[in-house]
Number of protein chains: 2
Amino acid sequence: MTKPNSADALPINTILEGDCIDVMNGLPAASVDLIFADPPYNLQLKGDLHRPDNSRVDAVDDDWDQFSSFSAYDQFTRDWLKAARRLLKPDGAIWVIGSYHNIFRVGAALQDAGYWILNDVVWRKSNPMPNFRGKRFTNAHETMIWASKSEGAKYTFNYEALKALNEGIQMRSDWVLPICNGGERLKDEDGEKAHPTQKPQALLHRVLVGSTKPGNIVLDPFFGTGTTGAVAKMLGRDWIGIEREDKYRTVAEKRIAAVRRLDKSSLEVTASKRAEPRVPFGQLVERGMLRPGEELHSMNGRHKAKVRADGTLIGNDIKGSIHQVGAHLEGAPSCNGWTYWCFKRDGKTVPIDVLRQQIRSELD
Amino acid sequence: MTKPNSADALPINTILEGDCIDVMNGLPAASVDLIFADPPYNLQLKGDLHRPDNSRVDAVDDDWDQFSSFSAYDQFTRDWLKAARRLLKPDGAIWVIGSYHNIFRVGAALQDAGYWILNDVVWRKSNPMPNFRGKRFTNAHETMIWASKSEGAKYTFNYEALKALNEGIQMRSDWVLPICNGGERLKDEDGEKAHPTQKPQALLHRVLVGSTKPGNIVLDPFFGTGTTGAVAKMLGRDWIGIEREDKYRTVAEKRIAAVRRLDKSSLEVTASKRAEPRVPFGQLVERGMLRPGEELHSMNGRHKAKVRADGTLIGNDIKGSIHQVGAHLEGAPSCNGWTYWCFKRDGKTVPIDVLRQQIRSELD
DNA sequence: CCCTCTCCTGAATCTAGCA
DNA sequence: ATGCTAGATTCAGGAGAGG
């Protein structure tokens with residue numbers, strides 16, 4: 001028999017019909033890498049909400065008060081977050097977007113469910129709807145919460161790629177992006193907007209470039225018109241959508257069919273140094289790039305040490321790795337020996353990292 | 001008889017010593033116009049953190065920020081929010097500031113306690129501390145929640161004053177302000193920062209100008225070094241502070257004593273200098289103005305390169321930013337990629353700088 | 001006087017891999 | 001699981017020294 005929880009069983013790159021909690025509970029556990037969720041925040045839920053066991057949440061009716069409505073919304077939130085968490089791989093992560101009407105309840109529920117918040121990210125709208133009555137601030141942003149499945153999980157974060165997207169400065173928690181309108185805004189056959197809260201593709205682009213790898217599986221339980229699927233497909237990620245309403249699914253199918261998947265070289269993003277193969281310092285000695293007995297000098301010129309045949313260094317009163325000796329001499333908690341030590345060739349001072357690069361380039 | 005709840009009974013313009021919940025419960029109900037609260041954030045820090053230069057980050061590890069669990073923090077939050085709500089006049093309002101560690105719990109508790117959220121306001125820090133390990137986004141903002149005592153309350157909002165503060169444009173829900181440092185940052189006798197989380201006066205200035213009237217009473221239950229009191233006094237509002245720690249009260253007393261109450265005409269407006277916003281090339285890609293995989297051509301027609309999903313280019317033998325690749329191909333020490341690269345649309349060659357101008361025009 | 005350069009610091013839930 | 005070690009990682013701005 002095939003494994004019942006295998007990712008092979010997943011309905012990849014399709015839109016599933018139905019209530020997201022029911023549908024999620026029918027999918028194999030620990031099978032998706034990322035969840036992006038744009039849940040409803042309408043508190044007048046009119047009995048739409050169902051628990052995982054299909055019992056109806058006793059939600060707001062005509063004379064609802066704020067407490068019963070909040071508690072119904074909380075129940076709904078707990079239920080879908082629980083179902084979503086089951087689907088995530090151990091190192092998976094989730095993004096949830098919302099406004100002040102619901103995001104505080106969602107955030108608290110995320111924490112209570114065992115997710116570990118990594119950042120809250122503010123989408124700062126460059127062209128928000130103004131406040132017409134002059135009674136409040138222009139509601140010019142929405143909030144996204146990025147969380148791993150649990151504390152200590154090895155979530156994906158493409159730091160260098162995001163830094164590249166931001167012209168060499170590390171990406172901040174506030175993102176300035178326009179709202180979705182113009183040609184990107186999907187219209188129905190009447191020329192009306194097809195969905196009231198269509199998210200801009202640029203938002204999903206940043207989310208997916210930053211927190212997934214090509215080939216990852218991205219689930220969106222409130223798929224709407226499929227922005228998540230469209231961007232995922234373009235970026236070479238697999239996707240699964242869940243959507244209750246026929247009309248949204250129809251629009252989304254058509255939209256995603258028209259998207260072209262990017263070729264591999266365009267998908268490659270700036271890699272992190274951490275991903276590069278590890279080179280032991282001893283290899284430089286074994287290969288004769290450095291001689292045992294040769295002297296190394298610290299980058300700041302204040303210290304020196306001698307190379308030993310086993311790839312350790314010996315300083316005045318300390319023996320150990322290039323890192324340990326560097327840290328000791330500087331009185332620092334740690335030290336990257338590769339960038340700390342230099343050697344001399346033909347009167348010139350050369351960082352030893354140059355030799356590591358040389359070895360790495362031979363590995364390609 | 002005098003009214004027992006009269007504001008006359010209030011210890012105006014003083015700092016009260018003690019636990020804020022006890023002290024608030026001893027004050028007359030329905031007596032203050034505004035509450036500004038900067039409660040402990042419940043940061044959950046594990047080990048030390050060092051900068052890349054090996055210096056240690058001076059973290060917020062004070063006892064007052066330690067809670068045993070989320071539920072202990074929730075209980076504390078519910079208690080102080082309840083005591084605070086009793087003190088508010090029916091048309092009073094509250095501001096609470098926090099970070100992703102606590103703000104979701106605070107926001108949910110506010111709603112549960114019957115407050116009515118009016119806006120969430122994002123303080124975007126112009127000079128936040130970076131993320132040193134490259135594992136998350138720069139935590140570049142904090143969130144404030146502005147709420148009235150209850151739904152339908154006639155809260156104060158000085159729309160025109162805020163619009164004036166913002167150069168004639170309606171004030172938005174995101175405020176760009178620097179963190180508190182330099183001369184404004186209070187030091188103790190050892191020259192160390194007097195309080196680890198002193199808030200900038202500009203933040204309180206905007207809060208108080210926007211949501212109080214001169215002569216109003218402003219309460220701060222987590223007074224710290226008294227930024228709320230100092231700005232309130234300057235702006236001609238009355239204030240009450242509550243602070244547990246002797247050392248903070250001492251600093252705050254001295255600070256506020258040195259503040260001069262402004263005469264009515266001199267409510268100075270700190271005009272923000274507006275530099276041309278930097279637009280990362282990656283935004284053109286995220287926003288679909290250029291497609292990953294698309295070819296760019298050099299202005300002189302001699303070179304070409306392909307756009308990648310993270311906003312870098314790939315040429316024959318070189319990957320990097322638009323500037324780096326341009327410089328490399330020209331054999332030049334530097335290159336302005338914005339004026340060097342062009343793309344093709346409808347058979348015409350267009351400089352990419354046109355797209356940057358387009359984005360900038362949206363930001364005005 | 002100005003300019004340059006160095007040093008310091010800010011509410012932080014901040015590593016990965018192998019033995 | 002725990003422990004150890006390699007080695008990757010920062011932006012804006014103010015203060016102060018030196019030229």
Side-chain angles (χ1 to χ4, degrees), chain A residues 91 111 115-120 146-148 151-155 157 159-160 163 166 168-173 272-282 311-312 320-327 332-341 352-353 356, chain B residues 38-62 64-67 70 73 97-103 123 125-143 176 178-185 187 191-193 195-200 222 224:
Chain A
D91 292 336
Q111 293 177 311
Y115 293 93
W116 190 249
I117 298 183
L118 299 167
N119 276 114
D120 60 337
W146 175 42
S148 60
E151 185 180 359
K154 295 192 184 94
Y155 57 91
F157 184 57
Y159 176 77
E160 294 293 344
K163 196 170 166 179
N166 197 33
I169 311 254
Q170 73 178 201
M171 189 70 82
R172 299 169 39 117
S173 60
S272 154
K273 272 193 196 165
R274 279 189 252 259
E276 295 195 65
R278 180 169 294 198
V279 177
F281 176 72
T312 57
S321 71
I322 51 173
H323 315 294
Q324 289 167 334
V325 173
S334 72
C335 170
N336 184 345
W338 289 108
T339 55
Y340 181 75
W341 295 107
I352 61 172
D353 207 24
R356 181 170 67 159
Chain B
D38 182 10
Y41 286 9
N42 188 26
L43 299 187
Q44 294 155 54
L45 305 176
K46 304 291 189 303
D48 276 354
L49 178 65
H50 291 88
R51 298 185 177 80
D53 66 3
N54 275 322
S55 63
R56 198 178 72 88
V57 173
D58 183 17
V60 178
D61 52 4
D62 305 70
W64 50 253
D65 200 45
Q66 306 301 318
F67 293 84
F70 277 136
Y73 187 79
I97 184 167
S99 68
Y100 67 84
H101 311 83
N102 72 323
I103 197 64
W123 169 26
K125 303 179 184 183
S126 55
N127 51 350
M129 181 150 60
N131 182 287
F132 295 116
R133 308 304 290 269
K135 297 306 293 179
R136 302 188 179 192
F137 298 96
T138 309
N139 200 352
H141 74 277
E142 294 187 26
T143 301
V176 181
I179 60 176
C180 179
N181 57 14
E184 188 186 325
R185 189 81 192 211
K187 301 287 176 11
E192 301 295 310
K193 57 189 175 193
H195 192 285
T197 71
Q198 187 184 340
K199 295 293 176 287
F222 306 96

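The sequence lines fix the lettering, A, B, ..., with proteins before strands; numbering per chain opens at 1.
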Of A:Tyr159 and A:Arg278, the one whose nearest nucleotide on DNA chain D sits closer to the 5' end is A:Arg278
DNA chain D: 5'-proximal contact among A:Lys163 and A:Ser321 (nearest heavy atom)
A:Ser321
In whole angstrom, give the distance that lies between atom [atom1] of [X] and atom [atom2] of [N].
| X | N | atom1 | atom2 | result |
| --- | --- | --- | --- | --- |
| A:Lys273 | C:dT15 | NZ | C1' | 15 Å |
| A:Gln170 | C:dC14 | CD | C1' | 10 Å |
| A:Arg356 | D:dA6 | CZ | C1' | 10 Å |
| A:Met171 | D:dT9 | CE | P | 17 Å |
| B:Met129 | C:dT13 | CE | P | 8 Å |
| B:Glu142 | C:dG10 | CD | P | 14 Å |
| B:Lys46 | C:dA11 | NZ | P | 20 Å |
| A:Trp341 | D:dA6 | CH2 | P | 14 Å |

Is there a donor N/O on one and an acceptor N/O on the other, under 3.5 Å, for the side chain of [X] and the base of [N]?
| X | N | answer |
| --- | --- | --- |
| A:Thr339 | D:dA8 | no |
| B:Arg133 | D:dT10 | no |
| B:Lys135 | D:dA8 | no |
| B:Arg51 | C:dG10 | yes |

5′-ward residue of the pair B:Lys187/A:Lys154 relative to DNA chain C
B:Lys187
Assert: residue with more 5' nearest nucleotide on DNA chain C, out of A:Asn119 and A:Arg274, is A:Asn119
Who pairs with [N] - Watson-Crick or G-U, where each distance is under 3.5 Å:
| N | answer |
| --- | --- |
| C:dC14 | none |
| D:dG18 | C:dC3 |
| D:dA8 | none |
| C:dC8 | D:dG13 |

Glycosidic conformation of C:dT13, taking syn as within 90° of 0 and anti otherwise
syn
Less than 4.0 angstrom between a side-chain N/O of [X] and OP1 or OP2 of [N], yes or no?
| X | N | answer |
| --- | --- | --- |
| A:Asn336 | D:dA8 | yes |
| B:Arg185 | C:dA11 | yes |
| A:His323 | D:dT5 | no |
| B:Ser99 | C:dA11 | no |
| B:His101 | C:dT13 | yes |

Roughly how many Å apart are C:dC14 and D:dA12, using the P atom of each and rounding to a whole number?
23 Å
Taking only the C1' atom of each, what is the distance from C:dA12 to D:dT9 in whole angstrom?
14 Å
Assert yes or no for the condition that the ring centre distance of A:Phe281 to A:Trp341 is strictly below 6.0 Å.
no
Salt-bridge criterion met for A:Arg356 and A:Glu276 (N-O under 4.0 Å):
no
C:dC14 base stacked by B:Phe132 (centroids within less than 5.5 Å, tilt under 30°):
no
Counting side-chain heavy atoms from CB outward, which of [options] is closest to [X]?
| X | options | value |
| --- | --- | --- |
| A:Ile117 | C:dT13, C:dC14, D:dT10 | C:dT13 |
| A:Gln111 | C:dT13, D:dG7, D:dT10 | C:dT13 |
| B:Asn139 | C:dT13, D:dT9, C:dA11 | C:dT13 |
| A:Ile169 | C:dT9, D:dA12, C:dT13 | D:dA12 |
| B:Asn181 | D:dA12, C:dA11, D:dG14 | D:dG14 |

I'd like to know if the side chain of B:Asp65 and the backbone of B:Leu43 have a donor-acceptor N/O pair within less than 3.5 Å.
yes
